[in-house]
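Because the structure is predicted, anything quoted here is derived from the model rather than measured. In what follows, every chain begins at residue 1, and chains take the letters A, B, ... in the order their sequences are listed.
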Amino acid sequence: AQTVTQSQPEMSVQEAETVTLSCTYDTSESDYYLFWYKQPPSRQMILVIRQEAYKQQNATENRFSVNFQKAAKSFSLKISDSQLGDAAMYFCASSGTYKYIFGTGTRLKVLA
Amino acid sequence: NAGVTQTPKFQVLKTGQSMTLQCAQDMNHNSMYWYRQDPGMGLRLIYYSASEGTTDKGEVPNGYNVSRLNKREFSLRLESAAPSQTSVYFCAIKGARLNTEAFFGQGTRLTVV
(Lines give C-alpha, C1' and ligand atoms only; values in the text may rest on other atoms or scores of the structure.)
Protein backbone atom coordinates (compact mmCIF):
# COMPACT_ATOMS: atom_id res chain seq x y z
CA ALA A 1 0.00 0.00 0.00
CA GLN A 2 1.08 3.57 -0.64
CA THR A 3 -0.10 6.36 1.68
CA VAL A 4 0.87 9.96 2.34
CA THR A 5 -0.18 11.82 5.49
CA GLN A 6 -0.06 15.55 6.17
CA SER A 7 -1.15 16.25 9.73
CA GLN A 8 -1.22 20.05 9.54
CA PRO A 9 -4.33 21.33 7.74
CA GLU A 10 -3.17 24.94 8.10
CA MET A 11 -0.01 26.79 9.05
CA SER A 12 0.86 30.48 9.39
CA VAL A 13 4.22 32.19 9.12
CA GLN A 14 5.37 35.76 9.39
CA GLU A 15 6.92 37.23 6.27
CA ALA A 16 10.72 36.64 6.21
CA GLU A 17 10.47 33.89 8.84
CA THR A 18 10.96 30.13 8.41
CA VAL A 19 8.23 27.49 8.44
CA THR A 20 8.29 23.69 8.26
CA LEU A 21 5.50 21.60 6.78
CA SER A 22 5.29 17.96 7.84
CA CYS A 23 4.67 14.85 5.79
CA THR A 24 4.86 11.14 6.56
CA TYR A 25 4.49 8.36 4.05
CA ASP A 26 4.33 4.61 3.69
CA THR A 27 5.13 2.53 0.64
CA SER A 28 5.93 -1.03 -0.33
CA GLU A 29 8.06 0.13 -3.26
CA SER A 30 11.79 -0.43 -3.01
CA ASP A 31 12.56 2.64 -5.11
CA TYR A 32 10.51 5.79 -5.03
CA TYR A 33 10.60 9.55 -5.14
CA LEU A 34 8.97 12.10 -2.89
CA PHE A 35 7.72 15.49 -4.02
CA TRP A 36 6.30 18.71 -2.71
CA TYR A 37 3.84 20.62 -4.89
CA LYS A 38 2.39 24.09 -4.43
CA GLN A 39 -1.17 24.95 -5.46
CA PRO A 40 -2.00 28.68 -5.50
CA PRO A 41 -5.63 29.89 -5.78
CA SER A 42 -5.39 29.50 -9.57
CA ARG A 43 -5.50 25.68 -8.96
CA GLN A 44 -2.32 25.23 -10.98
CA MET A 45 -0.02 22.54 -9.53
CA ILE A 46 3.62 23.62 -9.33
CA LEU A 47 6.53 21.35 -8.44
CA VAL A 48 8.54 22.78 -5.53
CA ILE A 49 11.13 20.10 -4.82
CA ARG A 50 11.81 16.38 -5.24
CA GLN A 51 13.83 13.80 -3.28
CA GLU A 52 15.06 10.37 -4.33
CA ALA A 53 14.63 7.74 -1.63
CA TYR A 54 18.12 6.33 -2.18
CA LYS A 55 19.84 9.67 -1.64
CA GLN A 56 20.70 10.53 1.94
CA GLN A 57 21.49 14.12 1.09
CA ASN A 58 18.50 16.38 1.52
CA ALA A 59 17.33 18.22 -1.58
CA THR A 60 17.49 22.02 -1.73
CA GLU A 61 15.98 24.48 -4.21
CA ASN A 62 16.75 28.09 -3.32
CA ARG A 63 14.63 28.93 -0.23
CA PHE A 64 13.07 25.45 -0.14
CA SER A 65 14.69 22.43 1.46
CA VAL A 66 13.59 19.07 2.76
CA ASN A 67 14.40 16.99 5.81
CA PHE A 68 14.18 13.41 4.61
CA GLN A 69 14.26 10.76 7.35
CA LYS A 70 13.90 7.45 5.54
CA ALA A 71 13.75 5.22 8.62
CA ALA A 72 11.01 7.36 10.11
CA LYS A 73 9.30 7.71 6.71
CA SER A 74 9.24 11.45 7.17
CA PHE A 75 9.63 14.12 4.48
CA SER A 76 9.20 17.68 5.74
CA LEU A 77 9.48 20.90 3.72
CA LYS A 78 11.27 23.94 5.11
CA ILE A 79 10.60 27.34 3.59
CA SER A 80 13.12 30.00 4.55
CA ASP A 81 12.66 33.76 4.26
CA SER A 82 8.93 33.29 3.60
CA GLN A 83 7.37 35.60 1.03
CA LEU A 84 3.77 36.64 0.44
CA GLY A 85 3.86 34.68 -2.81
CA ASP A 86 4.48 31.47 -0.87
CA ALA A 87 0.89 31.51 0.40
CA ALA A 88 -0.79 28.44 -1.12
CA MET A 89 -1.83 24.84 -0.53
CA TYR A 90 1.17 22.51 -0.30
CA PHE A 91 0.88 18.85 -1.16
CA CYS A 92 3.34 16.09 -0.39
CA ALA A 93 3.38 13.22 -2.91
CA SER A 94 4.92 9.79 -3.31
CA SER A 95 5.79 8.30 -6.69
CA GLY A 96 6.17 4.56 -7.04
CA THR A 97 6.40 2.38 -10.13
CA TYR A 98 2.97 3.43 -11.38
CA LYS A 99 0.97 5.14 -8.64
CA TYR A 100 1.33 8.78 -7.73
CA ILE A 101 -0.28 9.44 -4.35
CA PHE A 102 -0.87 12.81 -2.68
CA GLY A 103 -1.49 13.87 0.90
CA THR A 104 -4.41 15.95 2.15
CA GLY A 105 -2.49 19.22 1.89
CA THR A 106 -1.42 22.04 4.20
CA ARG A 107 -2.70 25.55 3.63
CA LEU A 108 0.10 28.04 4.27
CA LYS A 109 -0.75 31.61 5.19
CA VAL A 110 1.96 34.25 5.09
CA LEU A 111 1.40 37.24 7.35
CA ALA A 112 2.75 40.66 6.37
CA ASN B 1 2.26 23.58 -26.21
CA ALA B 2 -0.91 22.94 -24.26
CA GLY B 3 0.57 20.11 -22.14
CA VAL B 4 -2.56 18.63 -20.58
CA THR B 5 -5.99 19.75 -21.75
CA GLN B 6 -9.15 18.92 -19.84
CA THR B 7 -12.69 19.50 -21.02
CA PRO B 8 -15.03 20.84 -19.86
CA LYS B 9 -13.83 23.39 -17.28
CA PHE B 10 -17.19 23.57 -15.52
CA GLN B 11 -20.23 21.30 -15.48
CA VAL B 12 -23.48 21.07 -13.56
CA LEU B 13 -25.29 17.73 -13.61
CA LYS B 14 -28.52 16.48 -12.17
CA THR B 15 -28.43 13.39 -9.99
CA GLY B 16 -28.53 10.30 -12.19
CA GLN B 17 -27.19 11.98 -15.33
CA SER B 18 -24.05 10.70 -17.00
CA MET B 19 -21.07 12.53 -18.43
CA THR B 20 -17.52 12.01 -19.63
CA LEU B 21 -14.57 14.17 -18.70
CA GLN B 22 -11.95 14.31 -21.42
CA CYS B 23 -8.19 14.58 -21.00
CA ALA B 24 -5.64 14.90 -23.79
CA GLN B 25 -1.87 15.39 -23.65
CA ASP B 26 0.75 16.43 -26.16
CA MET B 27 3.83 15.49 -24.10
CA ASN B 28 4.02 11.83 -25.16
CA HIS B 29 4.01 10.58 -21.54
CA ASN B 30 3.00 7.02 -20.78
CA SER B 31 1.26 7.44 -17.43
CA MET B 32 -2.03 9.27 -17.03
CA TYR B 33 -4.09 9.84 -13.87
CA TRP B 34 -7.46 11.06 -12.73
CA TYR B 35 -7.78 12.72 -9.30
CA ARG B 36 -10.54 14.39 -7.40
CA GLN B 37 -9.85 17.26 -5.01
CA ASP B 38 -12.16 17.97 -2.10
CA PRO B 39 -11.64 20.37 0.83
CA GLY B 40 -9.73 18.65 3.61
CA MET B 41 -9.27 15.49 1.54
CA GLY B 42 -6.45 16.54 -0.71
CA LEU B 43 -5.99 14.91 -4.09
CA ARG B 44 -7.34 11.37 -4.22
CA LEU B 45 -6.47 9.02 -7.03
CA ILE B 46 -9.51 7.66 -8.88
CA TYR B 47 -7.93 5.66 -11.71
CA TYR B 48 -4.63 5.57 -13.48
CA SER B 49 -3.20 4.21 -16.71
CA ALA B 50 0.45 3.20 -16.80
CA SER B 51 0.42 2.82 -20.56
CA GLU B 52 -1.88 2.68 -23.56
CA GLY B 53 -4.32 -0.21 -23.16
CA THR B 54 -4.01 -0.56 -19.39
CA THR B 55 -6.02 0.96 -16.55
CA ASP B 56 -6.05 0.35 -12.80
CA LYS B 57 -8.10 1.42 -9.83
CA GLY B 58 -6.79 4.05 -7.48
CA GLU B 59 -7.97 5.01 -3.98
CA VAL B 60 -11.58 5.98 -4.79
CA PRO B 61 -12.75 4.25 -8.01
CA ASN B 62 -16.38 3.53 -7.09
CA GLY B 63 -18.87 5.29 -9.34
CA TYR B 64 -16.36 5.94 -12.12
CA ASN B 65 -15.06 4.26 -15.25
CA VAL B 66 -12.14 5.17 -17.46
CA SER B 67 -10.91 4.59 -20.98
CA ARG B 68 -7.38 4.96 -22.28
CA LEU B 69 -8.36 5.54 -25.88
CA ASN B 70 -4.79 5.92 -27.14
CA LYS B 71 -1.54 7.28 -25.80
CA ARG B 72 -2.83 10.85 -25.87
CA GLU B 73 -6.29 10.50 -24.36
CA PHE B 74 -7.68 9.27 -21.03
CA SER B 75 -11.35 9.82 -20.27
CA LEU B 76 -13.30 9.57 -17.01
CA ARG B 77 -16.98 8.61 -17.09
CA LEU B 78 -19.65 9.07 -14.47
CA GLU B 79 -22.48 6.70 -15.40
CA SER B 80 -25.01 7.92 -12.83
CA ALA B 81 -23.84 11.06 -11.09
CA ALA B 82 -24.42 11.49 -7.35
CA PRO B 83 -24.08 14.63 -5.16
CA SER B 84 -21.08 12.95 -3.46
CA GLN B 85 -19.25 13.27 -6.78
CA THR B 86 -19.35 17.05 -6.62
CA SER B 87 -15.67 17.92 -6.74
CA VAL B 88 -12.83 19.38 -8.76
CA TYR B 89 -11.34 16.76 -11.06
CA PHE B 90 -7.77 16.84 -12.30
CA CYS B 91 -6.10 14.87 -15.03
CA ALA B 92 -2.33 14.45 -14.71
CA ILE B 93 0.44 12.88 -16.75
CA LYS B 94 3.91 11.67 -15.90
CA GLY B 95 6.93 10.28 -17.68
CA ALA B 96 8.22 6.75 -17.19
CA ARG B 97 11.09 7.60 -14.84
CA LEU B 98 10.35 7.80 -11.13
CA ASN B 99 11.88 11.25 -10.73
CA THR B 100 9.73 12.96 -13.34
CA GLU B 101 7.20 15.47 -12.10
CA ALA B 102 3.51 15.22 -12.81
CA PHE B 103 1.89 17.74 -15.14
CA PHE B 104 -1.70 18.67 -14.47
CA GLY B 105 -4.65 19.92 -16.45
CA GLN B 106 -6.48 23.03 -15.30
CA GLY B 107 -9.19 21.03 -13.57
CA THR B 108 -12.93 20.50 -14.04
CA ARG B 109 -15.31 21.83 -11.44
CA LEU B 110 -18.27 19.45 -11.36
CA THR B 111 -21.43 20.10 -9.38
CA VAL B 112 -24.09 17.42 -9.03
CA VAL B 113 -27.45 18.71 -7.82
Side-chain angles (χ1 to χ4, degrees), chain A residues 1-10 21-27 29-55 59 61 64 66 68 88-108, chain B residues 2-6 9-10 23 25 27 29-61 66 68 74 87-110:
Chain A
Q2 197 174 336
T3 61
V4 176
T5 302
Q6 293 179 250
S7 59
Q8 306 156 315
E10 191 171 290
L21 309 184
S22 301
C23 173
T24 58
Y25 67 94
D26 196 7
T27 180
E29 304 270 356
S30 56
D31 193 13
Y32 55 92
Y33 267 76
L34 299 165
F35 302 80
W36 278 97
Y37 285 84
K38 170 185 178 181
Q39 186 185 47
S42 65
R43 292 205 311 235
Q44 182 185 7
M45 293 288 282
I46 303 165
L47 176 67
V48 174
I49 199 165
R50 76 189 94 193
Q51 171 80 40
E52 182 180 4
Y54 275 104
K55 283 191 177 176
E61 290 284 345
F64 300 87
V66 300
F68 176 47
M89 281 290 287
Y90 286 82
F91 291 100
C92 178
S94 164
S95 172
T97 306
Y98 299 119
K99 284 188 178 179
Y100 208 91
I101 301 295
F102 288 81
T104 51
T106 297
R107 181 172 301 281
L108 179 66
Chain B
V4 183
T5 302
Q6 279 183 243
K9 288 187 175 62
F10 301 94
C23 177
Q25 55 139 334
M27 299 180 73
H29 282 341
N30 285 323
S31 299
M32 299 186 75
Y33 306 82
W34 276 106
Y35 295 91
R36 60 177 290 173
Q37 183 176 7
D38 303 288
M41 305 293 284
L43 285 157
R44 291 183 290 171
L45 181 62
I46 304 171
Y47 270 93
Y48 65 99
S49 171
S51 61
E52 182 181 351
T54 68
T55 61
D56 283 286
K57 294 178 180 179
E59 302 166 285
V60 288
V66 291
R68 182 73 182 266
F74 187 39
S87 187
V88 178
Y89 291 85
F90 285 96
C91 175
I93 64 172
K94 195 175 100 55
R97 286 164 40 184
L98 284 178
N99 67 340
T100 58
E101 68 180 282
F103 295 93
F104 286 77
Q106 70 271 46
T108 297
R109 182 174 291 280
L110 175 66

Flag the pair E59(B) / I101(A) as yes when at least one side-chain heavy-atom distance between them is below 4.5 Å, and no otherwise. yes
Determine the option with the most heavy-atom pairs under 4.5 angstrom with chain A, choosing from G105(B), A102(B), A92(B). A102(B)
Any side-chain heavy atom of Q39(A) sitting closer than 4.5 Å to one from F104(B)? no
When only pairs under 4.5 Å are counted, which of Q51(A), M45(A), Q6(A) shares the most heavy-atom pairs with chain B? M45(A)
Cut-off 4.5 Å, heavy atoms of chain B, and the answer for E29(A) is neither
Can you say whether F91(A) sits under 4.5 Å from chain B via the side chain, the backbone, both, or neither, judging by heavy atoms? side chain
Pull out the residues in residues 44-52 of chain B that come under 4.5 Å of chain A, heavy atom to heavy atom, sorted by number. L45(B), Y48(B), A50(B)
Non-hydrogen atoms of chain B under 4.5 Å away: do they reach the side chain of T97(A), the backbone, both or neither? backbone
Quick one: are Y37(A) and E101(B) in side-chain contact, heavy atoms under 4.5 Å? yes
Contact summary for G107(B) and R43(A), nearest pair of heavy atoms: O-NH2, 3.6 Å
Other residues, nucleotides, ligands: >12 heavy atoms within 6.0 Å of Y98(A) OH: no
Nearest heavy-atom contact between R50(A) and T100(B) is NH1-CA, 3.9 Å
Where does Y35(B) contact chain A at under 4.5 Å (heavy atoms): side chain, backbone, both or neither? side chain
